[in-house]
Structure formats: C-alpha cells, structure tokens
K.L.:
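A single structure is presented below for examination.
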Amino acid sequence: MKKNLFSLLAILFLSIPFTFAQYHVKSQYLKTPDLILGYVDSCAAFWDSALDKSSIGGFFTNIDRQGNVLTSWGTSKDMISQSRNAYGLTRAFMMTGNETYLNQGQKGLDFMYKFAWDKTYGGWFNSISSSGSVNSINGNKYAFYQHYALLGLMAKVEVTGDTTAMGWFNKGYQYNETVLWDSNPARFGYFNSLSRNGSTRSGKTFNSTVDAITTHLLNMYLLTGEEKYKTRMLEVASNMVDRLAKTMDAQEIGFAENYNTDWTYNNSTSNDNTRTIMGHVLKTAWCLGRVYQFEKNEVYLQTAIKLADHVLAKGYDHVYGGPFKDYDRVSGEMLLYGQPDSAKAWWQMEQAITAGLFLYDLTGDDKYLKMADETLSFYMTHFVDHEYGEVYENQLRRGGFIWNDAKAGGGKAAYHSIETGYYVYLYGNLMLHKKPVTLYYKYSPLNQDRVVQLYPLEISSDQYRIKSVEKDGQTYSDFLSQEKKLTIPSGVNGVFKVVFESSTGVSVADNQKAVKRLSLEQNYPNPFNPITKINYQVSSQGVVSLKVFDMQGREIRSLVNEQKAPGTYSVSFDGAGLSSGIYLYQIKSGNVTETKGMLLLK
C-alpha cells in the first residue's frame, strides 16, 4: 500500500514541469554591450601621447599611467608596439568611425615599413631605438614577434583593403612559411627561435603555435577564402590538440608551454620552463572554438571545453572573478613572484571573457557565461583607469596595484585592451542578445571594380549578415547581405558604415519565447526498474547534451554530449546502483533547455 501511494504521489509530482534557474548576467557591459564603445574610445584616445609626432614617427614602447614616455624604462619603439597599436587603433576606428585612430595606427605601420624589416635576410626586427636604428641587429628572431608583426597589417587590410599593407603582409607571411615553418612530418609546426640568417632554428612553444591563429591565419582565411591559410590553420590546431593539450593530464595544472624541436619537453625549472599561464590555456580554448566553427571536428570543441573547464576547476577566482595569473605546472603552486598576494593580468582577463562568451554560444552551458560576466565585471572595475584612460597591466586578486601602474611596455600596447572591447561589443550583441552592431570601413579608390569580403566575426557565415550600408552618410545598396560582400566600382572611395545583424538563433532574454530546436519525450517505462528509455528530437544541427540529476541538482550521469544532426534519437538510462526516488533529466543545445522528471522504483 505504501509503495503504491509513493508511486501515485511521485507520478503527480512528475506532472509538474521542471526548470533549472538560468544564469543572469550582472555586468552592465554584457547587459548593454553598446556601453563598451565609450571604453574603447577612451582607450584609443590614450595612445595619442605615445605617438612620436616628429618626422621619425612610431609609437614609444614604455608609457606611464598618464600617457608620458617612461624614459626610466628606455625610449625604444619596438616593432611589436607598432603592430599592436596599429591593430588596436584600427579596431577602434571600426567601432567609433573616428578616422583619427585609423590615421594614428598607420603611423605605427609606416615606422615598421621604414625601420623594422630585415632587408638582408628577411623577417622583422623587434627592438628598435627611438631614432629607428636596430638594437642587437644580429640577435635571434622569434616566432612570437614574427607572428605579431602580421597583426596590425592584417587589420589594416581587413578594414581598408590597403594594397601596401597587403604587400608587407605577404612578405612577412612568406618569411614565416618558408623560414619559420618546420615541414618535417614528424614534428611539423613553427620553430620558436632562429638565427638572424635563418640557418639555425630550434624549439616549439605555445606562442609559436597558438599566436599564428590569433594574429592572422583565421582572419586571413575568412577575408580571402584562400585554402593555404585554412590548411596551415588546421595543422596548427592539430598541434594545439595533440601537442599542447595532450600534456595537460600529466601536469598538476595547465599544460607544457616550452618544447624541444621534436615536441618533447622536460621539467627543468630554469628559464620559467615549468610555468603555465591560465590565459594561454583559455586562449587555446578560444582558438579551438573558433576553428571548430569552420571545421566541424568534434575533437576541437571537446578539447576547448576540457581546457576551459580545467581553468575553472584549478586556476580561476570564484570569489572575485577572473583567472589567476601563472602557476608551476609540475608542483601546481601559484607563482607569486615575491608578492604577498596573487595577481591577475589584463590580457588573461580578455581570454576568460572571449572564451567564456564563445563557448557559451557553442554549448549553452551557463558556467561559461558566468565566467565571462564575472571576469568582465572585475576587469571594468579594477583594470580600467577611469581617470586617464586605458587599462593597467596587473592587479591584485581583490583589485589594487601590483608592481607598477604603467600602461605600456615590451608586452603591453593597445592590442588586448581594445580587442576586449571589440569582442564584448560583437559577441555581446550578435551572439548573446542577437542585436545589430555598426562597424566602419574606409576604402581608397582603385582603377577597377572590386568585391570586398567583410567578415568581422569568426563564426559561421550563416549566423550573421549585412543589414544595411551607408557610404559617406548616404544609403548604399551594392552589397550581398548573407555573403557579406560589398561591391565598390572603379574610382569610388569613402567611409562605409555597415550594420550587421544576427540571422539565426534567439537571444538569452528571449530564450523562453524561442521556437524549440529540441523536443524531449517522457521516459518509458516510468516508473522504471532499473532501465528506461529516453527519446528526443533535434531540429537543427548543434552540440546536444543530455544529463541526469538528483533532486539536489547534482549531476548523476551524462548520457549525451556531442554534435547531433537533425533527427530522432533514443538513449537508455540504467539506474542500477541508485536509490529509489525521483531523478531529473535535462537536454540542452545552444540556449534551449528542457527538463523532465522520472521515477526509479525498486
């Protein structure tokens, strides 16, 4: 009698629909991504004082909080500062339409063209004096700098179609592919360092690998459609999976970042060899997620998820938000560098924001949205200098200066700060809220007709489109919306204001109103002992997860977690080993979630 009564009550209880609370963003900049435009404008305006207004030109590398040259650190004009500032300021023009930023970025590129290229052996010098002379002219060259030299050039080509920038990009790219690339099938990848003349090459690293994607490979593939970029991008992605991420299980935290030429590594602690950086783990996840959009290899997505989850489990501040800075991968200890408290770095915050938003869009898992939201809140509160503009390089765990309050040095320029705003604006509007964004492009006249590919966001082409275009304030109609192509006749020039809109999906706010992409059926039999079957339908391709929880919300089992094509599916759940009671099963794909209950009655 008691068993029958329990069964009756349980069945009545199961007739009530179940919902799990969805995460609600807290940062005003994710609630209203257009607010980030003011932040980007203030960051871009800061760099005017770092620009040498003399005939020599170029940006000084070391800049203090107020924007003055930090002469105590030296007056160099490193190549990487020119390229990163050109990139950041070009992105700032895209978002604000302020041509001053585009012109200032060009000054950095002009300095590179004039002083930074090795006219004897090819490749880029990095350390340049304020007068344009090369410091340590016969020193080694490094993949890190060769990749980042292409960053500003790529952005200039993307936004203006500038033929001079394209010519210099091709020179740098050709150097990387012929001198820097190791074509040995057993160890392929970019060398980390090489002698000036390229006769001696050695090592592989995180930076020589992942930064090839972040600086140019993915963007140039999208802009040109040329297979050479995609081919190399996929080879680099395979190294991210098979070389970098594969070492993670053998570490206490993170992955190995420094390798011998043959991709072997050791645990010597000299030269920071065992250091692992949480921002690098998250950047790898972000890159793999973006590559996955154009090459649907499940390994890319699952590795991205594994990397991000690893940081959330071991290297993330769940109290104040944001990833911690650096660790020793062998011991698992946080590296404090003699400081009494843990630190966070501005560029690593960007990786948590971008990886979080991107993985949320791919998986619909709230933990990634939460990571992005918490990190952005901390970043905008503690890293942004609301008095002088731009952002600080490092902050203590709870906020506050650590080491110094300088704004630029050998590793910091306009790049990460403005790029953070760029992706918050695009991801927040197009991916999170499904709202339009406005971007600006400027083209000089050519003596022939041209078709320009616009691809500002690294997601599948069918996910967004051009809504409208204006040229110099007048309506312009010569474009293909879904293909995102702009036709410019011979002799035509001007500033093009392009509005992009989402062409698929629903916003987080409208999720409850969405037409379901999923249909979850009641399990059968129900009640069951111990096996039951769950049927579900998928109406559009995407990653589908199906999990079982107890009534306390604890995950009991993952039944499905993979890419599914449209169709009807069935999966069995075995409750052997579990106690009698009510269990919940939840299906999720993208931002659509459905939950039902089932009764295990033994």
K.L.:
How many angstroms lie between CG in Asn394 and NZ in Lys412, if you round to the nearest 0.5 Å?
P.N.:
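Reported to 0.5 Å precision, the distance equals 10.0 Å.
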K.L.:
Can you check whether His318 and Tyr316 have ring centres sitting under 6.0 Å from each other?
P.N.:
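Between His318 and Tyr316, the centre distance is under 6.0 Å.
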K.L.:
Distance from Thr215 atom OG1 to Tyr173 atom OH, nearest 0.5 Å?
P.N.:
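Reported value, rounded in 0.5 Å steps: 10.5 Å.
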K.L.:
Does a donor on one side chain sit under 3.5 Å from an acceptor on the other, for Gln106 and Asp110?
P.N.:
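Their side chains do contain a donor-acceptor pair, which is all the 3.5 Å distance test asks for.
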K.L.:
Val437: which residues meet the side-chain contact (heavy atoms from CB on, under 4.5 Å) condition with it, sequence neighbours left out?
P.N.:
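Residues passing side-chain contact (heavy atoms from CB on, under 4.5 Å) with Val437: Tyr425, Asn429, Leu430, Phe500.
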K.L.:
What pairs with Ser460 under side-chain hydrogen bond (donor to acceptor under 3.5 Å, both in side chains), at least two apart in sequence or on another chain?
P.N.:
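Once residues adjacent in sequence are excluded, the partners of Ser460 under the side-chain hydrogen bond (donor to acceptor under 3.5 Å, both in side chains) criterion are Gln293.
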K.L.:
Tell me if the aromatic rings of Trp168 and Tyr113 count as close, with their centers under 6.0 Å from one another.
P.N.:
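Yes, the ring centres sit under 6.0 Å apart.
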K.L.:
Does the ring centre of Tyr476 sit less than 6.0 Å away from the ring centre of Phe496?
P.N.:
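Aromatic pair counts; centres sit under 6.0 Å.
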K.L.:
Can you tell me which residue among Trp47, Phe59, Tyr87 is in a ring-ring contact (aromatic ring centres under 6.0 Å, His included) with Tyr415?
P.N.:
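That would be Tyr87; it is the only one of Trp47, Phe59, Tyr87 passing the ring-ring contact (aromatic ring centres under 6.0 Å, His included) with Tyr415.
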K.L.:
Do Arg91 and Tyr422 meet the cation-pi criteria used here (NZ or CZ under 6.0 Å from the six-membered ring centre, within 45° of the axis)?
P.N.:
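Positive - Arg91 is close enough to the ring of Tyr422 and near enough to its axis.
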K.L.:
Does Thr205 have any side-chain contact (heavy atoms from CB on, under 4.5 Å) partners at least two apart in sequence or in another chain, and if so, which?
P.N.:
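Here the qualifying residues are Asn192, Asn207, Ser208, Asn258.
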K.L.:
Is the terminal nitrogen or CZ of Lys484 (NZ for Lys, CZ for Arg) located under 6.0 angstrom from the six-membered ring centre of Tyr455 and within 45° of that ring's axis?
P.N.:
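Yes, Lys484 lies over the aromatic ring of Tyr455.
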K.L.:
For a ring-ring contact (aromatic ring centres under 6.0 Å, His included) with His280, tell me which candidate from Tyr327, Phe255, Trp347, Trp286 qualifies.
P.N.:
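Of Tyr327, Phe255, Trp347, Trp286, ring-ring contact (aromatic ring centres under 6.0 Å, His included) with His280 is met by Trp347 alone.
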K.L.:
side-chain hydrogen bond (donor to acceptor under 3.5 Å, both in side chains) with Tyr423: which residues, sequence neighbours excluded?
P.N.:
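Testing Tyr423 for side-chain hydrogen bond (donor to acceptor under 3.5 Å, both in side chains), a comparison that skips the adjacent residues, returns Glu458.
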K.L.:
Could you verify whether a donor N or O on one side chain and an acceptor N or O on the other, from Gln82 and Lys77, lie under 3.5 Å apart?
P.N.:
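Per modelled atom types, Gln82 and Lys77 side chains form no pair under 3.5 Å.
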K.L.:
Which residues pass the side-chain contact (heavy atoms from CB on, under 4.5 Å) test with Ala86, not counting sequence neighbours?
P.N.:
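side-chain contact (heavy atoms from CB on, under 4.5 Å) check on Ala86 returns Leu109.
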K.L.:
Listed by chain and number, what are the side-chain hydrogen bond (donor to acceptor under 3.5 Å, both in side chains) partners of Gln474, not counting sequence neighbours?
P.N.:
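Testing Gln474 for side-chain hydrogen bond (donor to acceptor under 3.5 Å, both in side chains), a comparison that skips the adjacent residues, returns none.
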K.L.:
Does NZ or CZ of Arg84 come closer than 6.0 Å to the centre of the six-membered ring of Tyr148, within 45° of the ring's axis?
P.N.:
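Satisfied, under 6.0 Å and within 45°.
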K.L.:
Under a 4.0 Å threshold between the charged nitrogen and the carboxylate oxygen, would Arg398 count as salt-bridged to Asp341?
P.N.:
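Salt bridge present between Asp341 and Arg398.
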K.L.:
Mind checking side-chain contact (heavy atoms from CB on, under 4.5 Å) for Ser136 and listing every partner two or more places apart, or none if nothing turns up?
P.N.:
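Partners of Ser136 by the side-chain contact (heavy atoms from CB on, under 4.5 Å) criterion come out as none, since no residue qualifies.
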K.L.:
Salt-bridged, Arg275 to Glu257, with N to O below 4.0 Å?
P.N.:
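A salt bridge is absent here (no side-chain N lies under 4.0 Å from a carboxylate O).
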K.L.:
Going by salt bridge (Lys or Arg N to Asp or Glu O under 4.0 Å), name the pairs with one or both residues in residues 399-408, residues two or more places apart or in two chains.
P.N.:
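For residues 399-408, and leaving out neighbouring residues, the salt bridge (Lys or Arg N to Asp or Glu O under 4.0 Å) pairs sorted by first residue read Asp385-Lys407.
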K.L.:
Please collect all salt bridge (Lys or Arg N to Asp or Glu O under 4.0 Å) contacts where either partner lies in residues 36-50, sequence neighbours excluded, each pair once.
P.N.:
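Matches after skipping sequence neighbours: Asp48-Lys53.
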K.L.:
According to side-chain hydrogen bond (donor to acceptor under 3.5 Å, both in side chains), who are the partners of Tyr379, at least two apart in sequence or on a separate chain?
P.N.:
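Only Tyr39 meet the side-chain hydrogen bond (donor to acceptor under 3.5 Å, both in side chains) criterion with Tyr379.
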K.L.:
Hey, is Lys283 close enough to Asp211 for a salt bridge, meaning N to O under 4.0 Å?
P.N.:
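Here Lys283 pairs with Asp211 in a salt bridge, since their nearest N and O are under 4.0 Å apart.
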K.L.:
Using the salt bridge (Lys or Arg N to Asp or Glu O under 4.0 Å) rule, collect all pairs that involve residues 314-323, keeping only residues at least two apart or in two chains.
P.N.:
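Found Asp317-Lys344, Asp317-Arg397.
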K.L.:
Any salt bridge (Lys or Arg N to Asp or Glu O under 4.0 Å) involving residues 24-39? Give me the pairs, sequence neighbours left out, ordered by first then second residue.
P.N.:
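Qualifying pairs: none.
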